[in-house]
Amino acid sequence: MKAKYLGLCLLGASLGLSSCNDFLDLKPSDKATNSLVWSSSTNAQMAIDYYYCLLPALSSFGTYQCSVGMAEGLTDEFKYGNMTFNALMYIPNEISYGGLPLTAGYTDTYLGVWESTYENIRRINESLQYLHRSSLGENDVKYFEGQLRFFRGMCYFELLKRYHQAILYTEDLSQISTNKKLDSEEEGWKFVQADLKFAGENLPVSASATGRLTSGAAYALLSRAMLYCKDWTAVKEAAEKVIAMKYQLTDNYADAFTGGNSEAICQYTYDSKISLTHSFDTYYAPGGDKALDGNQADGGFGTPTQDMVEEYEMTDGKRFDWAAWHEAAKTGTTLAPPYDKLEPRFKATILYNGATWKGRKIEPFVGGTDGWCRWEADPKTNGRTTTGYYLRKLVDENHHFTTVQNCTQPCIVIRLAEVYLNYAEACYRLNDAAKALEYLNKVRERVALPKLTGLSGDRLFEALRHERKVELAFEGLYYWDMRRWELADQTFTGIRRHGLKIEKMGDLYRYTYVDVDNQDLNFPKKLYRLPVPVGELNNNKEIDQFPEWK
């Protein structure tokens, strides 16, 4: 959206959240101000603009998906390297190891969003109430209601994907009660679907994502939400609405993460001129950017794993055999990894030894400009990688810390490739393998990978999962995908993440396949539903803790 509108979001976000008592206080603090706000379409839109600051919550740029780092850091894709017990350091590792620390209180602290999300829902419902009491014209009311219901649907979607149930509130603020039962999961999903469908029907159709919310954004989010609901027909119908709106995949995969591109359906724009920035680059830029480009932080807090690198196909569509590196885990090998043979999404996503970055070559080896360190043995990475790689995707190569520390790389909240993959999955579930393959191949064709043919059943589902993992890597979806498929307890249990220790020896490099964990990952089944916060249990007599957490 336009930066001048987003300045209001920053101001609103800085006000913080109200207390539980404030949540139940329905008496307006300033009637005159509310009357003024909702007296004109200009003022009403300015009030609604506040909620746009919620959009990065759907991405890896915010802390909403996981308060201690990217949710991928809880999986086999990504590794946080510092041993310090802090966010972006050891805590995401501790969560990924599971076990005794995963109490209800601990889990709520780092993965829960109950209180903040209900606070936003209450504010949205207040705005809806004021809107419907206003004297604004019918068209304005529908347009503003579409925006507000998009955000309310978004909030309830995020609750349901974590807790499976929620307390449903509308603009009738008299419903608010200290003691109130959870509505059923079915009722919750109907509520989300109704909100996002209303938004889709009443927001403008536009193939541009650089302004305010559009019909495409609403239907795209609906296609995502209904995957969790397992309403495959609803996914398919919502995705078809988006596909008909003439968004286009970018020719170059890397361009899909730049501002105003043809693939973006929902975008959040930053602007340093009004101090609307983020610090993603600060944390994830290569370690060498501190000395060479003026990053005041160390960078490299988290890095992609060797396990993720091995997910990428070669340019001919075949999977590369990494056995030579695995088998040389004790002695290492001077055999160069096949980075130049891997498909284009690899180079657009991951920085590797010798990759070009800001006019230099990445040096993730022992003693290199970016550096390498061993997990646990070197408790502070100081920007060095523990895996032999750095994140490229979402980090802005055109951002120079010597000019400004924080970054203005736009947040692409939802894009067309995801909608294609949502659609493909829905078609697979509805036994239309041909259509599922057609849309999988649309995503693959962009990066010149050969078409998949003749797949059905488990083989098609495996191809769908692989394509989502690679295409949508580090966009905040993988962890939640594995949860909704109920595969996380198998995939993220009893494994360790890996990297390559790289040592420079003259003109050659020695690559040693190493563990980057000191214990196995563990995803207990109780994590498929997050616990109700203790504060809610103490205050609400109508709610009991979920059985998984008793």
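Below, each value reflects all heavy atoms present in this structure, side chains not excepted, and no hydrogens, waters or symmetry copies.
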Query raised in the report: Taking it one step at a time, do D481 and Y228 satisfy side chain to side chain contact (heavy atoms under 4.5 Å, CB included)?
Result: CA-CA 9 Å; D481 278 345; Y228 291 79; 4.3 Å; yes
Requested in this report: Begin with the C-alpha distance, continue with both residues' side-chain angles, and end with the deciding distance and a verdict on salt bridge (charged side-chain N to carboxylate O under 4.0 Å, His left out) for D76 and K469.
Outcome: CA-CA 11 Å; D76 57 341; K469 184 173 184 178; 3.0 Å; yes
Report task. Step by step, work out the ring-ring contact (aromatic ring centres under 6.0 Å, His included) result for Y270 and Y268. Result -> CA-CA 7 Å; Y270 298 87; Y268 186 89; 5.0 Å; yes
Query raised in the report: Do Y390 and D370 pass the side chain to side chain contact (heavy atoms under 4.5 Å, CB included) test, and can you show the C-alpha distance, the side-chain angles, and the key distance before you say yes or no?
Result: CA-CA 9 Å; Y390 288 96; D370 301 287; 3.5 Å; yes
Query raised in the report: What do the steps show when you test C266 against L221 for side chain to side chain contact (heavy atoms under 4.5 Å, CB included), and what is the final call?
Result: CA-CA 9 Å; C266 184; L221 183 57; over 6 Å; no
Requested in this report: Step by step, work out the side-chain hydrogen bond (donor to acceptor under 3.5 Å, both in side chains) result for E94 and Y110.
Outcome: CA-CA 11 Å; E94 184 176 60; Y110 298 126; over 6 Å; no
Report task. Given side chain to side chain contact (heavy atoms under 4.5 Å, CB included), test Q147 with Y52 step by step and report yes or no. Result -> CA-CA 9 Å; Q147 293 177 72; Y52 279 78; 2.6 Å; yes
Query - Intermediate values then yes/no, ring-ring contact (aromatic ring centres under 6.0 Å, His included), Y312 and F320 - result: CA-CA 8 Å; Y312 290 92; F320 185 80; over 10 Å; no
Query - Residues T117, Y64; criterion side-chain hydrogen bond (donor to acceptor under 3.5 Å, both in side chains); working and verdict - result: CA-CA 10 Å; T117 305; Y64 186 86; 2.6 Å; yes
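Of the inter-residue distances, the one linking T349 atom OG1 with E311 atom CD reads 12.5 Å to the nearest 0.5 angstrom. Rounded to the nearest 0.5 Å, atoms CZ (F191) and CZ (R152) are 4.0 Å apart. Considering CH2 of W325 and CG of L500, their distance stands at 9.0 Å, rounded to 0.5 Å. Once rounded to the nearest 0.5 Å, the distance linking NZ of K190 with CG of D195 reads 14.5 Å. Rounding to the nearest 0.5 Å places CG of L440 at 11.5 Å from CG of L449. Taken to the nearest 0.5 Å, the CG atom of N93 stands 8.0 Å off from the CG atom of N518.
Formation of a donor-acceptor pair under 3.5 Å by the T408 side chain with backbone atoms of T277 is not found in this model. Judged by distance alone, with hydrogens and angles left aside, the side-chain atoms of R162 form a donor-acceptor pair with the main-chain N or O of E158 at under 3.5 Å. Judged purely by atom type and a 3.5 angstrom limit, S60 uses its side chain to pair as donor or acceptor with the backbone of G476. Listed for the Y283 side chain is no donor-acceptor partner under 3.5 Å among the backbone atoms of D298. Proximity of a side-chain donor or acceptor of W322 to a complementary backbone N or O of D307 within less than 3.5 Å is not detected. Checked by atom type and distance alone, the side chain of K79 pairs as donor or acceptor with a backbone atom of V516 at under 3.5 Å. Between the side chain of R483 and the main chain of L527, a donor-acceptor pair closer than 3.5 Å is present. The backbone N or O of A256 sits less than 3.5 Å from a side-chain atom of N261, completing a donor-acceptor pair. Between the E77 side chain and the T305 main chain, no donor and acceptor come within less than 3.5 Å of each other. Looking at Q165, its side chain does come within 3.5 Å of a backbone N or O of D183 through a donor-acceptor pair.
Here the shortest heavy-atom pairing between L455 and A463 reads CD1-CB, 3.8 Å. A pairwise comparison of heavy atoms in L88 and F301 identifies O-CD2, 3.6 Å as the closest pair.
Taking the ring axis of W549 as reference, the NZ or CZ atom of R529 does not stay both within 45° of it and closer than 6.0 Å to the ring centre. Geometrically, R465 engages F461 in a cation-pi contact defined by less than 6.0 Å to the ring centre and at most 45° from the axis. At least one test fails for R415 against the ring of Y420: distance under 6.0 Å to the centre or angle within 45° of the axis.
N86 and Y80 form no side-chain donor-acceptor contact under 3.5 Å, judged by distance and modelled atom types alone. Side-chain atoms of N353 and Y339 form no donor-acceptor pair, as typed in the model, at a separation below 3.5 Å. With 3.5 Å as the limit, one finds no donor-acceptor pair spanning the side chains of N406 and H278. Side-chain polar atoms of S206 and S208 form no donor-acceptor pair below 3.5 angstrom. Side-chain polar atoms of E310 and H498 form no donor-acceptor pair below 3.5 angstrom. N422 and S223 share a side-chain donor-acceptor pair at under 3.5 Å.
A salt bridge is absent between K525 and E548: the closest approach of a Lys/Arg side-chain nitrogen to an acidic carboxylate oxygen does not fall below 4.0 angstrom. Ion pair K435/E438 flagged as a salt bridge, since at least one NZ, NE, NH1 or NH2 atom sits closer than 4.0 Å to an Asp/Glu carboxylate oxygen. The pair D517-R497 counts as a salt bridge, with a side-chain nitrogen and a carboxylate oxygen less than 4.0 angstrom apart.
Taking 4.5 Å as the limit, some side-chain heavy atom of L111 sits within range of a side-chain heavy atom of Y479. Under the 4.5 Å side-chain criterion, counting only non-hydrogen atoms from C-beta, Y219 is in contact with E201. For the pair F546 and V532, the minimum side-chain heavy-atom distance is below 4.5 Å. No side-chain heavy atom of M308 sits under 4.5 Å from any side-chain heavy atom of Y478. Residues E418 and I265 fail the side-chain proximity criterion, which asks for heavy atoms closer than 4.5 Å. K451 is not listed as a side-chain neighbour of R444, based on a closest heavy-atom distance of 4.5 Å or more. Within the 4.5 Å cutoff, no side-chain heavy atoms of M482 are placed close to those of F523. A 4.5 Å side-chain heavy-atom check between Y97 and L521 finds at least one atom pair inside the cut-off.
For E462, the CD atom is loosely surrounded, since the number of other residues' heavy atoms within 6.0 Å does not exceed 12. Under a cut-off of 6.0 angstrom, the local environment of CZ in R484 is crowded, with over 12 non-hydrogen atoms contributed by other residues, nucleotides or ligands. By the 6.0 Å contact criterion, CG on D316 is enclosed, its count of non-hydrogen atoms from other residues, nucleotides or ligands being greater than 12.
Within the structure, salt bridge (charged side-chain N to carboxylate O under 4.0 Å, His left out) contacts touching residues 237-251 (residues at least two apart or in different chains) are K236-E240.
By the side chain to side chain donor-acceptor pair (under 3.5 Å) test, E72 pairs with no residue at all, sequence neighbours left out. Listed by chain and residue number, D340, Y352 satisfy the side-chain contact (heavy atoms from CB on, under 4.5 Å) test with K347 (two or more places apart in sequence, or in another chain).
For the side-chain hydrogen bond (donor to acceptor under 3.5 Å, both in side chains) with Y253, the lone residue among R345, K393, E471 that qualifies is K393.
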